[in-house]
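Shown next, in structure tokens, is the structure this report addresses.
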Amino acid sequence: MSLDTVAFALAAALMVGGALGVALTKDVMRLVVGLGAFLLGVAGMFLYYGHAFLATAQVFVYVGGVLVLMIFAIMVVHRANGRPVLEARHDIGAAAIGAGVSGMLFMTLRESVGGWLPQSGTPGGPIAVELLGRSIVVFELAGGLLLIALVAVLVIVGAGERR
Amino acid sequence: MTLLWGFLWGVASVATIAGGAILGVWWERKVSARIQMRYGPQQIGPYGSLQMIADVPKLLFKEDIVPDLADKAVFKLAPLFVFGPVATSMVVIPFAAGWAPVDMSVGILFFLAVPSIEVIAILLSAWASHNTLSTIGGLRATAQMISYEIPRSLAVLSVVLLAGSLRPLDVLSAWQWWWAPLTFVGFVIYFIASIAEMNRGPFDIPEADSELVAGYFADYSGMRWASFMMAEYGSMIAASLFGAVVFFGGGWPLSGAAGVVLLVIKTVLIMTAVMWVKWTFPRPRQDQLMSFCWKVLTPLALLQLVIVGAVLPWL
């Protein structure tokens, strides 16, 4: 087993461990830690395939942006008496839906990219053109939607507090 | 093979930071004493230079206190998450032309992205302590670090524009002496924003000892506390090294081993300036800090970028 395989295994273990943490823990803050581990694992996977830009962007945008936003949201809606407002529930229905969706995604991806293996060391130029070209509107819209969702959560929780 | 080298460079950069922190603390004590017309440490070793050798065992043997109400697993891990990214960021910095521990095509972006992981770690440590002062400190640190990332990246972007590459080695080899005056405003912005990124005085609002005790690491003791301090010194060393490379051409005008020595001298000068600023200026208020970032530094960084952009077609 070469050392590169060890690196791959480390990234994969980080991803699987993080995903299991997200699925199994009830404390929302630990859930975020699991998500962070998963995202760093994905970044490691990108690095393994030689996409350094993608890995860095992953850390910058998801770990540094989205994750911080989530922790902020959790901190802001946390009550002063220490009782957590947000608690992940272990719901069989939700688990079934999650498993179904991931199964469906897996099948679709296997159908569409079946024999194709990621090439390592592809130049970053086309990615840059794609990101700053026609995809930029979609990305900005997604950012706007996230902001709206956060404000909505604050409004909903605030209304609950007043009642 | 890459993994083994990565591991070795990781160990090397942790050793650099630990050694740098030991020397840095002594140097800071001397600089601060000089500014306040005192002597500073002078009993142990020549000019008190062995003082830290007495202090490190003290930190190692201190009791490791974990508060009863803390989220123990997260509380214990958070210092590592704070320290890890700083040590990682060191490896992309080129020390001489054609020589960087890890040659990364987007190394500059990588270096600038590292504080985002630190933000998470600081928020986690603040949260895990279950302590009001820590939580306030963590929130302040996050607001400050996220905001100052923007002028910091914009300032570095002007050099990236000139070099036409995000690879630190390319920037170093393309560097010309007249870039330093052209991007001097950028360097000043980078310098100020970096001090804010490392939560050092005068921007130590998240850990303000007179109001928040020590902010997000108020409940830590012994080596875990020392990890936070080492992370602070580590980011000071890394930011000064990176600034010396990007804005002052690394070892320019020398090359080879002499260039590395000159780079270290430039780095120490920048670090001394960071300490000088800390011991000279009073701490601003939170709102002053934010409006300074968004109303002064960010527009200035954009202006610097415009100037570089205007010069660029004539080169």
Side-chain angles (χ1 to χ4, degrees), chain A residues 1-11 21 25 27-37 39-40 43-44 46-48 50-76 78 80 82 84 120-125 127-128, chain B residues 1-8 69-75 77-78 81 84-85 88-89 92 102-128 130-132 134-136 138-139 141-143 145-147 149-150 153 165-167:
Chain A
M1 199 164 77
S2 76
L3 279 163
D4 279 349
T5 322
V6 175
F8 183 83
L10 274 177
T25 186
D27 186 301
V28 180
M29 211 56 165
R30 292 190 175 187
L31 195 150
V32 170
V33 178
L35 187 59
L39 291 172
L40 286 177
F46 285 150
L47 265 185
Y48 176 79
H51 294 288
F53 175 76
L54 221 50
T56 315
Q58 163 93 2
V59 171
F60 223 147
V61 176
Y62 284 95
V63 180
V66 176
L67 216 55
V68 170
L69 198 70
M70 287 173 77
I71 297 185
F72 244 89
I74 294 167
M75 279 181 148
V76 171
H78 197 263
S120 58
T122 333
I127 301 173
Chain B
M1 228 31 228
T2 333
L3 184 76
L4 190 66
W5 274 114
F7 182 73
L8 283 178
L69 286 177
D71 186 339
K72 297 203 172 54
V74 181
F75 183 87
L77 275 176
F81 292 156
T88 318
S89 72
V92 295
V102 174
D103 176 22
M104 201 176 180
S105 60
V106 287
I108 290 187
L109 193 66
F110 178 83
F111 185 86
L112 294 172
V114 156
S116 5
I117 309 179
E118 251 188 289
V119 171
I120 297 279
I122 285 178
L123 265 180
L124 285 178
S125 66
W127 175 262
H130 273 286
N131 168 343
T132 315
S134 299
T135 311
I136 295 174
L139 288 174
T142 313
M145 289 174 81
I146 291 180
S147 307
E149 242 167 58
I150 291 161
S153 309
S165 173
L166 275 172
R167 185 190 296 267

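Just so it is clear, the structure is predicted and the values come from calculations on it, not from any experiment. The figures that follow rest on heavy atoms only: side chains count, while hydrogens, waters and symmetry mates do not. Chain A is the first sequence line, chain B the second, and so forth, proteins listed ahead of strands; every chain is numbered from 1.
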Inset, instruction - Please report the closest heavy-atom contact between A:V59 and B:A113, naming both atoms and the distance. - result: CG1-O, 4.3 Å

Inset, instruction - Could you check if a side-chain atom of B:L77 sits within less than 4.5 angstrom of a side-chain atom of A:V33, using non-hydrogen atoms only? - result: no

Inset, instruction - For each of B:L139, B:V119, B:I120, tally heavy-atom pairs with chain A at distances under 4.5 Å, and name the one with the top tally. - result: B:I120

Legend entry - Heavy-atom proximity to chain A below 4.5 Å, by part of B:L109: both

Legend entry - More than 12 heavy atoms from other groups under 6.0 Å of CZ on A:F60: yes

In residues 63-74 of chain A, what donor-acceptor pairs under 3.5 Å come from side-chain atoms, sequence neighbours left out?
none

Legend entry - Region of A:L47 that comes under 4.5 Å of a non-hydrogen atom in chain B: side chain

Legend entry - Winner by heavy-atom pair count (cut-off under 4.5 Å) against chain A, out of B:T135, B:V114, B:T142, B:L166: B:T142

Legend entry - Which atoms of B:E118 approach chain A - backbone, side chain, both or neither, heavy atom under 4.5 Å: neither

